[in-house]
Each structure stands twice: as structure tokens, then as C-alpha cells.
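What you see below is based on every heavy atom in this structure, not just the backbone, and it leaves out hydrogens, waters and symmetry mates. Here is how names work: the chains are called A, B, and so on, in the same order as the sequence lines, proteins then strands, and each is numbered from 1.
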Number of protein chains: 2
Amino acid sequence: MSKQADSATSTNRAFKKRTGSKSDTIYAHIFDAILEHRLSPGTKLSEEALGEIFGVSRTIIRRELLQLAHEGVVSIRPNRGAMVANPSVEEARQILYARRLVERTITELVVQNATEKQLAELRKMVVDEQNCFTRGEMGTGIRLSGEFHLKLAEVAGNAPLTGFQRSLVSQTSLIIAQYEKVTRSHCSFDEHNQLLDAVAAKDTEKAISLMMRHMDHIDEKLNFDDEGATDDLHAIFSHVRG
Amino acid sequence: MSKQADSATSTNRAFKKRTGSKSDTIYAHIFDAILEHRLSPGTKLSEEALGEIFGVSRTIIRRELLQLAHEGVVSIRPNRGAMVANPSVEEARQILYARRLVERTITELVVQNATEKQLAELRKMVVDEQNCFTRGEMGTGIRLSGEFHLKLAEVAGNAPLTGFQRSLVSQTSLIIAQYEKVTRSHCSFDEHNQLLDAVAAKDTEKAISLMMRHMDHIDEKLNFDDEGATDDLHAIFSHVRG
DNA sequence: TGTATCATTTATGTATACAATTTTATTAAA
DNA sequence: TTTAATAAAATTGTATACATAAATGATACA
């Protein structure tokens, strides 16, 4: 409703001055860093350190961290500060389940509502994404992949749903950072293009089917057997006291 | 994820000390006041006034207002403070649409997952709700009606979805406050009981059908023809420079 | 050497002071 | 009386100071 989280970094940015003041950039900077996997799940986010980095007081940092916590990408524990969220296996499952529901609905709405202009924008986003991956800029590519899904939500035209999707996409990125199997590269842009073909053809069934397969592929990239990158000591030593 | 919004007021409360400090109660107090329609859409929420009322500094009030804004029940405009949100007709439509989607999914999951104990709790909630309405405590009744739907989401067992549902239910309450037709009483508890019957019988189709009818009835109570209680001057005088 | 207790340091939680902006009131002119 | 310009008041935005709790390090003791 109020705060958006468009990218604030590198590739293809527009550099247009936003109405929002500095705090917007702070939010976006941290947000992007998490989505590009430059900040790992579990990393401590010190208020004072961030304040120095961005040249503002803790007051501002505190507010931004709260926003990020709302979004689900940051976790705040009372008296112990904030850190990049590290969703548990169960949380990850629920997030991915919810995302399937939302993506299904969004796909349906996109087929109904997408204009030519919007389709063109979506095509362009896929190109940008592909360029990143071929250039080896994995982090930015991952973020752009997420922004593609967010753009779909916008095209669907339901603001509450878009907000929810933003949260789900962000958290999916965190889940990938934490549970991704080694030696697997993201080639989602190909699937993104196929999806847009189905959308352009107004083929709802096919579009949904492709989107669900896309979700399957995300699942397949994950390994929920071990408790993720950020070592969960409780899980690791769960056998100790029987 | 972190902050819940269980009732903090009157009927059937438990008075159990929560772990959270005073700020939890502040959030809940404002939240409940809005959901019980004691605070009307558009009402200014002054930081200083609220600070005095709750005996805390603006720092705390600010944080709570931000939380409420994220929930969608409060609207914050830069340099101009916070007010109870007054969703436009279009926003209302989108919220109700999103809610249908979520309620459908939740209903499906509830039929699958609900335990006997949970069903009993749900039954009890409907009794409480009914008692309120027969006693003439409309505000509390409206809130409990919302909490019933929230409880369903909890039973469904998907945390992200529950969070989204909380936001949608709250905003629905606001929409009703703003667009409800005159002289129509809420008798949702009856439909709630029928829904629970279908859930108990594990009849997914019927449960969903009942839930969708329930949503229809909410729609029918609303009048989107005029722009709601809080006067929208732009809409009223749209013909002037037209 | 290992453990427990206490002191120190560090970080977060809240209140307050001041700056910037908006709103309201006042005054002057048409 | 209405409008415009200006001054005053009130409200929000941000930084900082202090209070409180957690994490760390030091010391005493077994």
C-alpha cells in the first residue's frame, strides 16, 4: 500500500528520483542484498552498524528492520536484535505451499487481464534476467527472477494479493539461499518465456500448468533433508540427549 | 510471524498475562477498537494523544501505528500522520476478491486437518459470537465473527496464509463499517454453524459452497454505490472541473 | 584445569529534545 | 465578505541520551 521495494541496485535501473526519502533506499538496499544472496540467512543485522553504513540514526534503521520483518525476510527477537531470517523446513514448506496457491490465481488473472504493453514489459524482464545469468551475475539474476513473479502479480491487478506475493517471493529467495542443492543453476528464464507464450495465447490451462511445473522445479532444487546452510545446532545435536 | 492480535477486550477473555510487554496491548487495543467499529474509518490517530492515553512515548505509538498500517487497518501519509483506513470501493473489491480465494483454500484445508478438539473450540466461538448479538453487543460480535474466520485459518495450519487472512479479515471489517447498508443485522453465526457441520462431515464441496455463500452475504450487505461514510470530497465534487 | 560468580562491555528499548513540515489563526488587501 | 499572505501553533520526522537487558571477559574458588 505505501512502501514498494523495487530494486535499488545495479542492472537496468532507471535512477529516477523516488518521492520517498532516504529510508526507501535503506529498505531497498537491505532487501536487495538479501534477495541477491549477498546477505546469508542468520546474519546478524546490528542497528548501530547499519546506521553508520547508511548515515542515519538507529531510529530509522529500527523502522526499516521492522518493515523487513513484516515482509518476512528479517527476524527480530526481543532484546536480541535482528537477523536475516532463516526459515525452518516447516516454514519453508508452508511458504512454498502458499505460493502455489497465489501463483495459480495470479496466472489465471494475468491471462485475463494482461495488456500488450504489459506483456512486452514482462518479455523485457525475462531478457534482462537471462542476460544476468549468461553474464554470470547470479545474485542479480535471482532477484530479477523474483521481480518477474512480482510483476505478474501487479499485472493480475489485485493489490492485497500483490503484497502477499511480494512477501512469498522474497521468502522463497531466502529458502533457496538456505536449502538449495549444490551444483544446480537457475534457468528459470526459459520457463518464464514459455509461460508468457501461454499468456499471450490466452491459454489459461496451459499457463497454470506451466506455472505449477515451474513451482515443481523450485521444489526440486531444494534439499530439506539437512537443516539448511545456517547451522541449526539443535538439529545437528538432536541425538545427544536422546 | 511475531505479533498476534488476539482480543484484548471484553467478552470471554482469559486475562492471561502475555509474554509481550505493554506494546502488545496497545496494538490490540487500537486493533480491537477498529474491528468493533468504535473507531470509524478516516478517524485521525494522533501520536501524542495515543501516547497519553496509553502512558507511553510517541516512539512506541509510532511503532504500533506502523504495525497497524502494515495490517492494512491504518493508513499513514508522510508528514500528515495516521488515520483509520478508509478503503476505496476499488480497494474494497480487491480485498473481498482476495478473501474469497483465501477462504476457499482455508476451508479445504480445515476439512482435511481439523481435529475434534479444534472443532469444539470453533463451536464455542460461534456460541460466544451468538451471545454477543443476542445481547445486543454488536461491536464485539462483529469482532468475534472475524476471529472465527481467523481461527479457521489457524486450523488450516499455514502460517503465511493465516497472516494474510488476518489482514483480509480486518480490512473486511473496515469495509463493512464504511459501506454497510443501513438496517441490516449480522446473523453470520448461523452460517458459521452450518459450515462447521459440513467440516465435521468432511464434506469439502459443501463446506466450500457454504463459505462462498457466506462471502456472497457479506457482499450483499454492502452498498458500493455511494463512496462510503467518510466523505470523499474529490468524489463528491468530481463534476466541478469535469 | 574447570566451574561459578561477578564486573565490564556491548546492544537493544524507550523517552525526550530538537528540526522540519503541516495546519490553523491572524491580518491585510481587494 | 472573500481572498491572499503571513505569523503562530500544533504535529510529525529524526537524532540523541539514558535505561535496561544480553553477551563477554575477569576473577575467585574448588
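Note: CZ (B:Arg58) to P (C:dC18) measures 14 Å, nearest angstrom. Rounded to whole Å, the distance from CG on B:Leu65 to C1' on D:dT11 is 13 Å. Distance, B:Glu47 CD to C:dT14 C1': 15 Å, rounded to whole Å. The distance between atom CZ of B:Arg77 and atom C1' of D:dT11, rounded to the nearest whole Å, is 13 Å. In this structure, the CG atom of B:Leu50 is 14 Å from the P atom of C:dA15, given to the nearest Å. If you take CD1 of A:Ile61 and P of C:dA11, they are 15 Å apart, rounded to a whole angstrom. One atom, CD of B:Glu52, and another, P of C:dT16, lie 12 Å apart when rounded to the nearest Å. Summarising the geometry, the separation between CD1 on B:Ile60 and P on D:dT20 is reported as 14 Å, rounded to the nearest angstrom.
Comparing C:dA11, D:dT14, D:dA17 by their closest approach to the side chain of A:Ser57 singles out D:dT14. Each of D:dT14, C:dA15, C:dA11 was ranked by its minimum atom distance to the side chain of A:Arg63; first place goes to D:dT14. Which of C:dA15, D:dT12, C:dT12 sits closest to the side chain of B:Val56 comes down to C:dA15. Checking C:dA15, D:dA22, D:dT11 against every side-chain atom of A:Asn79, the shortest atom distance belongs to D:dA22.
For the pair B:Pro78 and A:Gly81, nearest-nucleotide mapping onto DNA chain C gives the more 5' position to A:Gly81. Residues B:Ser46 and A:Arg80 each lie close to DNA chain D; by heavy-atom proximity, the contact nearer the 5' end of the strand is made by B:Ser46. Nearest-nucleotide positions on DNA chain D for B:Thr59 and B:Glu48 put B:Glu48 closer to the 5' end.
In this structure, A:His37 contributes its side chain and A:Ser173 its backbone to a donor-acceptor pair below 3.5 Å.
Under 4.0 angstrom from either OP1 or OP2 of D:dT12 there lies at least one side-chain N or O belonging to B:Lys44.
Taking the six-membered ring where the residue is Trp, B:His70 and A:His70 present parallel rings, their angle staying beneath 30° rather than reaching 60°. Relative orientation of the A:Phe54 and A:His29 rings is perpendicular, given thresholds of 30° and 60° on the angle between their planes.
Crowding of A:Glu52 atom CD: a count of heavy atoms from other residues, nucleotides or ligands under 6.0 Å not exceeding 12.
Side-chain contact of B:Glu103 with B:His149: a donor-acceptor pair under 3.5 Å is present, judged by distance alone.
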